[in-house]
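Just so we're clear, the structure is a prediction, and the values are computed from it rather than from any experiment.
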Amino acid sequence: MIYLLTVNYYSTNLIAKLLSSLSTSTNIKYKTVIINNSLDDDSICHLKSDSVLVFNANENLGFGSACNLGLKFIFAQDPQAIVWLVNPDAYLLENALDKVHPFFESHPELSILGTIIYTPANKVWFAGGNFISQTGTILTQDLTTNTDADYIICDWVSGCSMIVNLQKFYECPIFDHAYFLYYEDFDFCQRYAQQGHLIAVTKQFGVLHESSSITNRYVFRKIRHSTYSYLLTLERYTNELIFIFRLIRLILYAFVLIFIKPQIGLGKIYGVLNYWQSKFE
């Protein structure tokens, strides 16, 4: 069974479009699990069907913790399942579902697979991520265009379109609840790579993504969460010298932005404050 897993935050119309992008002619068994992070958004319940399950979170849990609800449910139902995490503002390319099972039958060694992600202008938005721990540099790179390989090993893949092969895990894989939004996909991949799991990206199938159509509604909150998560990630995966250097540079840049783009500048400053507050909790 293939499960598509997505998180709703006032995104019913987008998710309806995602559901419509699924192949109607496929013989593949699949279900869609929607975790509702916006409790007063009753419209999401209109999408329920035999193949579309909706679960309400008790509050807005953020992306990773909401996904954990879905992952735990699916793992309890079918620990051999394939779970495709898809952003609500992304849509599957034609016949993508039909290609998933044959791909994993050919490559059962893979635990976490990212797919190629295109913009509406048909440009590559994501095709693999690398990480240079010595400098704290987190890179997105097009690793697929100049190769005919079925997949390319990489350091991390985007949670916008991430496939988890549950049969490679002895217990349910989960995101770290310390991340509310942003960099939880990077941390997820790094943690499981350290346990010996293979992370890769493919261009055999993928999605089209209307980038940041949700989070750009809330610029201050977007920057605050991304700044907090960025600092948490640097703390975990780089050394102290690199962390301090990047922290100082971030703070200086934030104060400059206050006079140019105040929402972004303030978001960065509050993100830094949230990070330091978390150290004393």
Side-chain angles (χ1 to χ4, degrees), residues 62-65 67 85 87 90 110-119 123-145 151-164 173-195 197-203 206-207 209 211-212 214-216 219 221-254 257 264 267-272 274-276 278:
F63 176 78
S65 292
C67 285
L85 281 66
N87 267 22
L110 295 175
S111 299
I112 300 171
L113 179 71
T115 77
I116 194 166
I117 303 173
Y118 293 102
T119 69
K123 295 183 178 180
V124 174
W125 183 78
F126 183 88
N130 282 324
F131 176 55
I132 305 173
S133 60
Q134 296 86 347
T135 62
T137 305
I138 300 172
L139 298 169
T140 58
Q141 295 178 288
D142 184 354
L143 302 176
T144 64
T145 295
Y151 67 82
I152 302 296
I153 297 294
C154 57
D155 294 323
W156 66 280
V157 296
S158 172
C160 172
S161 180
M162 173 193 289
I163 301 177
V164 182
I174 59 173
F175 291 89
D176 191 322
H177 64 83
Y179 291 85
F180 184 82
L181 198 61
Y182 298 107
Y183 294 95
E184 63 281 292
D185 46 10
F186 176 87
D187 175 78
F188 183 85
C189 292
Q190 287 292 295
R191 282 189 292 111
Y192 288 109
Q194 289 175 0
Q195 296 178 23
H197 290 276
L198 281 183
I199 319 295
V201 64
T202 185
K203 63 177 179 181
V207 303
H209 181 218
S211 178
S212 297
I214 299 171
T215 54
N216 277 344
V219 174
R221 280 187 280 175
K222 170 184 175 179
I223 300 301
R224 177 166 62 90
H225 289 310
S226 64
T227 300
Y228 167 85
S229 297
Y230 175 66
L231 292 174
L232 179 60
T233 301
L234 289 179
E235 175 197 312
R236 291 183 173 183
Y237 298 107
T238 63
N239 59 57
E240 185 175 359
L241 181 62
I242 293 299
F243 175 84
I244 293 173
F245 169 76
R246 288 187 173 266
L247 173 61
I248 293 172
R249 189 175 68 173
L250 189 156
I251 293 172
L252 292 174
Y253 185 46
L257 284 174
I264 295 177
K268 288 181 179 292
I269 291 172
Y270 273 84
V272 172
N274 290 158
Y275 170 78
W276 285 114
S278 72

Answer yes or no: is there a side-chain heavy-atom contact under 4.5 Å between [X] and [Y]?
X    : Y    : value
I248 : F243 : no
C189 : D155 : no
S158 : I117 : yes
L231 : L247 : yes
Y230 : L250 : yes
I199 : V157 : yes
C67  : L85  : yes
T144 : D142 : yes

Subject >> Centroid separation F180 to Y275 less than 6.0 Å >> reply: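 Centroid distance F180-Y275: not below 6.0 Å, so no.
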**OP:** May I ask you to check whether W156 and F126 place their ring centres under 6.0 Å from each other?
**Re:** yes
In Å, rounded to the nearest 0.5 Å, how long is the span from [atom1] of [X] to [atom2] of [Y]?
X    : Y    : atom1 : atom2 : answer
T233 : Y183 : OG1   : OH    : 7.0 Å
K268 : I223 : NZ    : CD1   : 5.5 Å
D185 : F175 : CG    : CZ    : 7.0 Å
Q194 : Y237 : CD    : OH    : 5.5 Å
Y151 : K203 : OH    : NZ    : 15.5 Å
I152 : Q141 : CD1   : CD    : 11.5 Å

Original post:
Under 3.5 Å, is there a donor-acceptor pair linking the side chains of T137 and R246?
Top reply: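 There is such a pair (donor and acceptor under 3.5 Å, judged by atom type) between the side chains of T137 and R246.
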Original post:
Using a distance-only test with no angle check, is there a side-chain donor-acceptor pair under 3.5 angstrom linking S133 and T238?
Top reply: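 Judged by distance alone, the side chains do not pair up.
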Nearest heavy-atom pair of [X] and [Y]: which atoms, and what distance?
X    : Y    : answer
P173 : V164 : CG-CG1, 3.8 Å
T115 : G206 : OG1-CA, 3.5 Å
L143 : C154 : CD1-CB, 3.7 Å

Subject >> Worked verdict on I116 versus V124 for side chain to side chain contact (heavy atoms under 4.5 Å, CB included) >> reply: CA-CA 7 Å; I116 194 166; V124 174; 4.1 Å; yes
**OP:** Show the numbers, then the answer: is there a side chain to side chain contact (heavy atoms under 4.5 Å, CB included) between F131 and F186?
**Re:** CA-CA 9 Å; F131 176 55; F186 176 87; 3.5 Å; yes
Subject >> Worked check of side chain to side chain contact (heavy atoms under 4.5 Å, CB included) between N87 and S161 >> reply: CA-CA 7 Å; N87 267 22; S161 180; over 6 Å; no
Original post:
After noting the C-alpha distance and the side-chain angles of Y118 and H209, does the key distance pass the side chain to side chain contact (heavy atoms under 4.5 Å, CB included) rule?
Top reply: CA-CA 6 Å; Y118 293 102; H209 181 218; over 6 Å; no
Original post:
Just wondering, are more than 12 heavy atoms of other shown residues or ligands nearer than 6.0 Å to OH in Y192?
Top reply: yes
Subject >> Residues forming a side chain to side chain contact (heavy atoms under 4.5 Å, CB included) with D176, sequence neighbours excluded >> reply: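 D176: side chain to side chain contact (heavy atoms under 4.5 Å, CB included) contacts with A178, Y179, D187, R191, R236.
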